[in-house]
Asks: 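Starting off with a structure, shown below.
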Protein chains: 2
Amino acid sequence: MARAHDRRVARTQSALQEALFGLIQVKRYDKVTVQDIIDRANVGRSTFYAHFDTKDDLLLSSLERLTADIDRFLEEESGLEGPVLPVRGLFHHVAEQQPVFRALFGTSGIDLVTRAARDMLAERALHTIREREAAGIRHPVDAETRAAFLAGSLMTFVGWWLDAGFPMGPDGAAHTFAALVAAA
Amino acid sequence: MARAHDRRVARTQSALQEALFGLIQVKRYDKVTVQDIIDRANVGRSTFYAHFDTKDDLLLSSLERLTADIDRFLEEESGLEGPVLPVRGLFHHVAEQQPVFRALFGTSGIDLVTRAARDMLAERALHTIREREAAGIRHPVDAETRAAFLAGSLMTFVGWWLDAGFPMGPDGAAHTFAALVAAA
DNA sequence: TTCACTACCGAACACGTTGTTCGGTTGTCG
DNA sequence: CGACAACCGAACAACGTGTTCGGTAGTGAA
């Protein structure tokens, strides 16, 4: 690793991070090669490895500034009265930094799976919502958005349930999920 | 591509799919090589490429059976009365097929990013929830679960917002999100 | 400005992975 | 049984990785 006092270090690391972000917007992260990165950044091969162990290392190092920003926005709006997650500032920030965030949420490897599953769930939810609309049941948020939210939240919730090591049984999970999305 | 009438074809494809699922449970998807897969499946190199163009192709082909199962469960429970997404059967199914689903939701590439961001959001949400609990505000779902849900749902929602090409402004997005998670 | 330092370069390296080809072998279906 | 197709496995070029090393040039401190 390198010292922080040297301009060359800052220049090189910035160039590499920006090159990575630029490439991520064009192709899948796991298809981006170190070669691509150093070509785009105009940095020598050995120099890359002098700063970062791997491609993942570079990605994670770029992350710190990003999360620090987000944390600051949440901090500013935080209070006892508003929502648990005060997100106005965050959404504005994402809108301004659109390309970067779009890149970070882009398809990457196994994401194909969760994405496909999510789309399938959303389609089904949308179908149900339309039926209810036809039956006169209304909701302030439009159908597509609700369907996407329900499907995405469910995927995320299942993922958490798995990661957390099954803190509750399937029925408990189903009930909990229902309670959390009751407003949707 | 190969004919479906031949037992050898079915055997080979199953072996490759199972090998991939097995490997995914041990290491990151994008670190699994075709070499790993054919070694584990005891299949010749050229045979792999006779069936699938790439590793992604194999993954996606394995997906069809999985989504078909899930779709069936949802179909069974579907009705005009219950929740928009009837998930009891799905949660049971995931619990039974635990290893496979755990693998599919496991860390993979750029997921490191969304995961890190999600954890940060969850921590903040948890902090707020605890404050409110101290102020006497109660909720039927426990704090950790709520925090994880809120953070995960937010990440998913932002991802959808980006993918969908900003169907609403930042303020609209923030309001919509707040409305959807009102019960959490 | 000088000077020691160190980041950078770039070529070369061994190594692993990819995707293809091809001749030979073995299993399968009719 | 016999024709056919799937499988094998070795070999291949092409590419990406991560490391090494001697030389160059920018940088911060005296």
Side-chain angles (χ1 to χ4, degrees), chain A residues 1-62 103 106-112, chain B residues 1-62 103 106-112:
Chain A
M1 283 299 146
R3 280 278 149 68
H5 306 247
D6 202 317
R7 287 179 192 173
R8 289 171 292 181
V9 174
R11 252 175 33 84
T12 300
Q13 294 190 356
S14 295
L16 289 172
Q17 290 180 354
E18 278 170 28
L20 176 58
F21 279 133
L23 288 164
I24 274 178
Q25 292 169 51
V26 179
K27 58 160 90 174
R28 253 171 56 179
Y29 170 76
D30 60 309
K31 300 299 180 193
V32 174
T33 68
V34 173
Q35 197 65 51
D36 292 335
I37 298 170
I38 63 179
D39 284 349
R40 180 162 179 143
N42 262 313
V43 163
R45 179 160 200 74
S46 54
T47 304
F48 177 93
Y49 288 104
H51 288 277
F52 305 101
D53 291 339
T54 65
K55 196 179 57 173
D56 288 344
D57 194 16
L58 170 60
L59 177 66
L60 288 174
S61 84
S62 313
T107 305
S108 85
I110 209 166
D111 246 31
L112 298 169
Chain B
M1 282 298 148
R3 281 280 147 68
H5 305 244
D6 202 316
R7 287 180 192 172
R8 290 173 292 181
V9 174
R11 252 175 33 83
T12 299
Q13 293 190 355
S14 295
L16 288 172
Q17 290 181 353
E18 278 170 29
L20 176 58
F21 279 134
L23 287 164
I24 273 178
Q25 293 170 50
V26 179
K27 58 160 89 174
R28 255 172 55 179
Y29 170 75
D30 59 309
K31 301 298 180 193
V32 174
T33 67
V34 173
Q35 196 65 52
D36 292 335
I37 299 170
I38 63 179
D39 284 349
R40 181 163 177 142
N42 262 313
V43 163
R45 179 158 200 77
S46 54
T47 305
F48 177 94
Y49 288 104
H51 288 276
F52 305 101
D53 291 338
T54 64
K55 195 179 56 173
D56 287 344
D57 194 15
L58 170 60
L59 177 66
L60 288 175
S61 83
S62 313
T107 306
S108 85
I110 210 167
D111 247 30
L112 298 168

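Below, chain A is the first sequence line, B the second, and so on; all start at residue 1. Atom set for the values below is all heavy atoms of this structure, side chains included, hydrogens, waters and symmetry mates excluded.
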Asks: Quickly work out the K31(B) NZ to dT17(D) P distance and round it to whole Å.
Replies: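 To the nearest whole Å, that distance equals 9 Å.
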Asks: Tabulate atom names and distances for all N/O pairs under 3.5 angstrom spanning the protein and nucleotides 23-27 of chain C.
Replies:
unit_1  : atom_1 : unit_2 : atom_2 : d
dG27(C) : N2     : R8(B)  : NH2    : 3.3
dG27(C) : N3     : R8(B)  : NH1    : 3.2

Asks: Is the distance from OP1 or OP2 of dC8(C) to the nearest side-chain N or O of H51(A) less than 4.0 Å?
Replies: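 Yes, H51(A) has a side-chain N/O under 4.0 Å of OP1/OP2 on dC8(C).
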Asks: Starting at the 5' end of DNA chain D and moving along, which residue's nearest nucleotide shows up first, R45(B) or R11(B)?
Replies: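 Taking each residue's closest nucleotide, the earlier one in sequence belongs to R11(B).
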Asks: Checking contacts here: which listed nucleotide (dA6(D), dT17(D), dC8(D)) is nearest the side-chain heavy atoms of Q35(A)?
Replies: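 That would be dT17(D).
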Asks: Please check if any side-chain donor atom of D36(B) sits under 3.5 Å from a side-chain acceptor atom of T33(B), or the reverse.
Replies: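 Yes, because at least one side-chain N or O of D36(B) sits under 3.5 Å from a partner of the opposite role on T33(B).
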Asks: Have a look at T47(B) and tell me which of I38(B), L16(B), T12(B) forms a side-chain contact (heavy atoms from CB on, under 4.5 Å) with it.
Replies: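 When I38(B), L16(B), T12(B) are each tested with T47(B), the side-chain contact (heavy atoms from CB on, under 4.5 Å) holds only for T12(B).
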Asks: Is the shortest side-chain N/O distance from R7(A) to OP1 or OP2 of dG26(D) below 4.0 Å?
Replies: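 So the side chain of R7(A) is outside the cut-off, no N or O lying under 4.0 Å from OP1 or OP2 of dG26(D).
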Asks: Distance check: side-chain N/O of S46(A) vs OP1/OP2 of dG18(D), anything under 4.0 Å?
Replies: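 Result: no.
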Asks: Applying a 4.0 Å non-hydrogen cut-off, can you work out what N42(B) is touching in the nucleic acid: base, sugar-phosphate, or nothing?
Replies: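 If one applies the 4.0 Å heavy-atom cut-off, N42(B) turns out to touch the sugar-phosphate alone, with no base involved.
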Asks: Please determine if a side-chain N or O atom of Y49(B) lies less than 4.0 Å away from the OP1 or OP2 oxygen of dG19(C).
Replies: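 Yes, such a contact exists.
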Asks: Please tell me if T47(B) has a side-chain N or O lying less than 4.0 Å from either OP1 or OP2 of dC8(D).
Replies: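 Result: yes.
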